[in-house]
2 protein chains.
Amino acid sequence: MADTWINKFKGLSRLPADIRAELEAGSQIVSVPSGTEIFSPGQTADNLWLLLDGTVKVQQKSETGREVFLYRVHAGESCVLTTACMLAFEDYSAEGTAETDVKAVAIPRKTFDDLVAKSPVFREFVFTAYSRRITDLFTLIDDIVFQRMDVRLASRLLELADEDNVVHATHAVLGTELGTAREVISRTLSEFQRRGWVEQSRGEVRLINKDGLERLVKSSSAHL
Amino acid sequence: MADTWINKFKGLSRLPADIRAELEAGSQIVSVPSGTEIFSPGQTADNLWLLLDGTVKVQQKSETGREVFLYRVHAGESCVLTTACMLAFEDYSAEGTAETDVKAVAIPRKTFDDLVAKSPVFREFVFTAYSRRITDLFTLIDDIVFQRMDVRLASRLLELADEDNVVHATHAVLGTELGTAREVISRTLSEFQRRGWVEQSRGEVRLINKDGLERLVKSSSAHL
DNA sequence: TGATCTTTGGTGACTTGGTCACCAAACTTG
DNA sequence: CAAGTTTGGTGACCAAGTCACCAAAGATCA
């Protein structure tokens, strides 16, 4: 009982026993392979996903066909913004893709609505998740408007690096992550390489001097 | 009974009588003068506001002291994003200011939480409002990243014009509305003036050829 | 094993937008 | 009306996005 998936989600551990039972009975665990489209424009979202393993990348497709990265959902978090659209019966304009193999709990609309009605703890969980995502969006907007590209790229590289300090992504992918052009990424990375912070090969960037990158990021948030 | 404020809000007219009664009893109508700070970072939001009259401008203040415009709440709409933070007991990073004299219904946290629990219609109202705001934010991000400044300024001028086709705003204000610098606004407006679309005087822009502005806006959304 | 195709990255020229420094004109306040 | 404040204008410069094009690294397949 103590090792149920429910305890992996911070706000849910305080749920009373009856609600837990309903939540477990009314939802199911699903696994999807890397690359799966989890939700997309035109498709009604019918489930709230709580991620157990893997990451989901949420992007906005613009009319002109280009894409902007919005945020990334990690294990222990939920794709909660879809719920607004799920309950509002409105179409979602963003799309979510599994970046890795993903294991998740899918809560159907019916169960979700029921639990929101019944459980104050579940309600707080949902609204807290909202609050976090919305704050993230505000921060993103702020970043796009005021932050220099080199700083944004440096901090994104640090986030995306694996345990060997390698980022597996093409310049084009990094471009859409930051909402900029591939050329800008190429130039900025050359500059980082010239300074001895990174080494590049096709499809990957090795961070060989994280300190340099970190100093660049810090220097920008310190104009007080 | 039919002329209650409740009917001014699209999703609420279907509320059953008992819920209506609770909503009316548990909320109050407030009036604040133009310029009032309705919510701001550091202050916990204790009420959900439903606007009856006037407009509220929601901005994000960055660490560097600059501001980005996020969205505008009109009569018949709600400041719903504050509720996430209200229920999540998290601080809000954005601030809301009355742009005009504002009349609104303030629903305290307690009443709000209660109604979300009890009423499916109220729940749908809340989630629909969320969905709309979030979609607006997505559109904003898309705009910032991909749209040219002249197009963005033209469409904003058309939005902000009063019945006499005059926009009452300084270049600096228009700058923060669009997340750009005053100088850029000045240059772009000079260009619009040169083309005979607008006339300027201190603190206001008169649209004398809306067609020109509208054509510019349309031309940009038509690259299919 | 090459020949060809596709994906990825590099580059120069140019345009747009943001920053800085500074000034001038228009209002406001005493 | 004099002095201060707000608003708008301008040139020089830098950062970033766009366009056109090419070259190198892998992938595919006869």
Side-chain angles (χ1 to χ4, degrees), chain A residues 35 62 64-69 141-157 166-195 198-206 216-217 219-220 223, chain B residues 35 62 64-69 140-157 160 166-195 198-206 216-217 219-220 223:
Chain A
S62 80
T64 59
R66 287 182 292 191
E67 299 198 333
V68 208
F69 169 91
I141 292 174
D142 212 89
D143 255 37
I144 293 175
V145 174
F146 294 124
Q147 196 68 277
R148 291 173 46 98
M149 270 309 314
D150 52 357
V151 175
R152 296 182 59 212
L153 178 56
S155 93
R156 189 56 59 97
L157 289 174
V166 176
V167 177
H168 299 274
T170 65
H171 294 189
V173 167
L174 292 171
T176 67
E177 285 253 342
L178 298 175
T180 185
R182 178 189 58 79
E183 294 92 320
V184 176
I185 301 291
S186 296
R187 282 177 207 142
T188 312
L189 282 177
S190 313
E191 176 60 21
F192 287 177
Q193 188 164 32
R194 198 191 61 72
R195 294 190 204 169
V198 306
E199 277 172 358
Q200 300 185 65
S201 46
R202 201 182 168 81
E204 58 180 48
V205 182
R206 275 181 307 290
L216 174 61
V217 174
S219 72
S220 74
H223 15 220
Chain B
S62 80
T64 59
R66 287 181 290 189
E67 299 197 333
V68 208
F69 169 91
L140 174 63
I141 292 175
D142 211 90
D143 256 36
I144 293 176
V145 174
F146 295 124
Q147 198 66 279
R148 291 174 47 98
M149 271 308 314
D150 52 357
V151 174
R152 295 182 60 211
L153 178 56
S155 92
R156 191 55 61 98
L157 289 174
L160 293 178
V166 177
V167 177
H168 298 274
T170 65
H171 294 189
V173 167
L174 292 171
T176 67
E177 286 252 341
L178 298 176
T180 185
R182 178 189 60 78
E183 294 92 321
V184 176
I185 301 290
S186 297
R187 281 177 211 145
T188 312
L189 281 179
S190 313
E191 176 60 20
F192 287 176
Q193 188 163 32
R194 199 189 60 72
R195 295 190 204 170
V198 305
E199 277 172 359
Q200 301 186 65
S201 46
R202 202 183 167 83
E204 57 181 48
V205 183
R206 274 182 309 288
L216 174 61
V217 172
S219 72
S220 74
H223 13 222

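Chain identifiers are assigned alphabetically (A, B, ...) following the order of the sequence lines, protein sequences preceding nucleic acid strands; residue numbering begins at 1 within each chain. The analysis underlying the following values was restricted to heavy atoms, covering all of them including side chains, and did not include hydrogens, waters or symmetry mates.
At whole-Å resolution of the value, CE in B:Met149 and P in D:dG17 are 15 Å apart. One interatomic measurement links the two molecules: CG of A:Leu189 to P of C:dG10, which rounds to 8 Å at whole-angstrom precision. Between the CD atom of A:Glu191 and the P atom of C:dG10 there is a distance of 13 Å, given to the nearest Å. Between the CD atom of A:Gln200 and the C1' atom of C:dT8 there is a distance of 11 Å, rounded to whole Å.
One finds no side-chain N or O of B:Ser186 lying less than 4.0 angstrom from the OP1 or OP2 phosphate oxygen of D:dG8. Between B:His171 and the phosphate of D:dT6, there is no side-chain N or O to OP1/OP2 separation shorter than 4.0 Å. Phosphate proximity of C:dG18 to B:Thr180: present, with a side-chain N or O under 4.0 Å from OP1 or OP2. Regarding contacts with the backbone of C:dT8, every side-chain N or O of A:Thr170 stays at 4.0 angstrom or more from both OP1 and OP2. Look at B:Arg202 and you won't find any side-chain N or O under 4.0 angstrom from OP1 or OP2 of C:dT28.
When heavy atoms are screened at a 4.0 angstrom cut-off, B:Ser190 is found touching no nucleic acid atom at all. Base contact: A:Arg182 has a heavy atom under 4.0 Å from a base atom.
Atoms CE and CD1, from A:Met149 and A:Ile144 in turn, are 10.0 Å apart once rounded to the nearest 0.5 Å.
In this structure, the nucleotide among D:dA12, D:dG17, C:dT8 sitting nearest to the side chain of B:Arg187 is D:dA12. For A:Arg66, the listed nucleotide lying nearest its side chain is D:dT18; candidates were C:dG18, D:dT18, C:dG17.
No hydrogens or angles considered: a donor-acceptor pair under 3.5 Å links the side chains of B:Ser201 and B:Arg206.
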